[in-house]
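One structure below.
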Protein chains: 2
Amino acid sequence: MLKGEGNWREARRASARAAVLVAAWELVRADGPAALSMRELARRAGITTPTVYAYFESKNAIFDAMFAEAAQSFVELKAAVPTTDDPRQDLLAEARAFVEFCVSDAPRYQLLFQRSVPGFTPSPESYELAVSALEVTRGLLARNGVHDPRHLDIWTAVTVGLVDQQVSNDPDGDRWSRLVDDVTQMFLDRYATGGVSS
Amino acid sequence: MLKGEGNWREARRASARAAVLVAAWELVRADGPAALSMRELARRAGITTPTVYAYFESKNAIFDAMFAEAAQSFVELKAAVPTTDDPRQDLLAEARAFVEFCVSDAPRYQLLFQRSVPGFTPSPESYELAVSALEVTRGLLARNGVHDPRHLDIWTAVTVGLVDQQVSNDPDGDRWSRLVDDVTQMFLDRYATGGVSS
DNA sequence: GTCTATATAGCGATAGAC
DNA sequence: GTCTATCGCTATATAGAC
């Protein structure tokens, strides 16, 4: 059963890669994306540096795999937000979930949404995954009568703004993240159907 | 004239320090705050590394001086925004100026408002300078009937959100920065006198 | 695949001559 | 104050034995 053995080997390899990524996330969560070092990563994973290179061809390949994991989590977060018959409540629920997603793991947020690693650009596939998650938000906004792409950009700016201020200026508190309800109401009162458009 | 000679020496020293900082800004503007290297800095400034240490005791001291310069520019920007008899127009003018200030020099924005240099924290004086600039904004908001500190936080989040999205996702365009007028209207229509407060 | 050992390069910072 | 020279360390990445 060569094919079965091949799959088994593949699974072993995948789980070994996953273990390296677990250690990578530990380091990045502790000291930020820029602090990831191959030596320290290997030490944390209980292997040596050359072994890391047996699974990832470069440090950027590790960042790309991490970016893809983060993007996948982001997509799943969007999918997990329940849909009701109240579009406003749905958007609010998504906003709360988004802010919590970012604030609860600031380094992941920095890797996914800011360009915080000099010299690293996500691969097109990984990036596309992250962008596609925006489609869910576009749909939620449409159900609230918001169709203008500019207003989608305003929405992302407003939510990201809360996250960025929270992470940068009050990393252990909730000074900005607690404002998500107010901000969502402000946005919807302005741009949801019935609001003025210029 | 020992005192005069002392002042002259001080001026020389200050201008030499300033020259180092000019080179530091060149490097940081080119490759981001994390890319600042003492060797490259010295090379760019036309001196050697030990000479840099004659003027700054460490790399972090350079970052702190840069932070102070950026904070000073920030304060001056706020002071330069003209005041009219129309509070809404004044806040709008300040918002436009702020976004332009950040977007036109993203690395400076990252150094000043994000925690983008691992291990660097601005000195209390430099930080206080940056915080004090917020007082101007507080006054502008008060003239618009916005007094709740939470609403000041919302205002900073909203403006920073535009900047962050612009810098992270469209660094050479104006996809988000052009929305500053819309966002300001949304904010004022919601929170300026006459708006609902809960 | 995993190791030891190392290549190659860069880093921040300092000693000591002048 | 400015230099040459260097310390001590870290970085990513690879060669080659097993």
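Predicted model, so just to flag it, every value in this text is computed and none were measured. Chain naming here is simple, since letters A, B, ... match the order of the sequence lines and numbering starts at 1 in each. Worth knowing before you read on, the calculation uses all heavy atoms, side chains too, and leaves out hydrogens, waters and symmetry mates.
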Bending between helix ends of the helix from dG1(C)-dC18(D) to dC18(C)-dG1(D) [5 pairs per end, 10° resolution]: 10°
Atom pair NE2/CG of H151(A) and N144(A) - distance to nearest 0.5 Å: 13.5 Å
side-chain contact (heavy atoms from CB on, under 4.5 Å) partner of F67(B), the single match among S123(B), P122(B), P33(B): P122(B)
Verdict with reasoning, E125(A) to E128(A), per side-chain contact (heavy atoms from CB on, under 4.5 Å): CA-CA 5 Å; E125(A) 315 91 74; E128(A) 200 50 41; 5.7 Å; no
Centroid-centroid distance, F187(A) to F187(B), less than 6.0 Å: no
For atom CD1 of I47(A) and atom C1' of dA13(D), their distance in whole Å: 15 Å
Length of the CD-C1' vector between E10(A) and dG1(C), whole Å: 16 Å
side-chain contact (heavy atoms from CB on, under 4.5 Å) evaluation trace for Q110(A) with V28(A): CA-CA 10 Å; Q110(A) 289 161 1; V28(A) 164; over 6 Å; no
Check: F98(A) ring centroid to F113(A) ring centroid under 6.0 Å: yes
Minimum heavy-atom distance Q166(A)-G173(A), with the two atoms named: NE2-O, 3.0 Å
Close residues, residues 15-40 of chain A, relative to DNA chain D [heavy-atom separation under 4.0 Å]: L36(A), S37(A), M38(A), R39(A)
Residue-level proximity of residues 50-67 of chain B to DNA chain D when a heavy atom falls under 4.0 Å: P50(B), T51(B), Y55(B)
dG1(C) OP1/OP2 closer than 4.0 Å to side-chain N/O of R13(A): yes
Sidechain-backbone polar pair: D170(A) side chain, R175(A) backbone, donor-acceptor under 3.5 Å: yes
For A133(B) against V75(B), the heavy-atom pair lying closest together: CB-CG2, 4.0 Å
Criterion side-chain contact (heavy atoms from CB on, under 4.5 Å) on W155(A) and V146(A), from CA distance to verdict: CA-CA 10 Å; W155(A) 173 246; V146(A) 179; over 6 Å; no
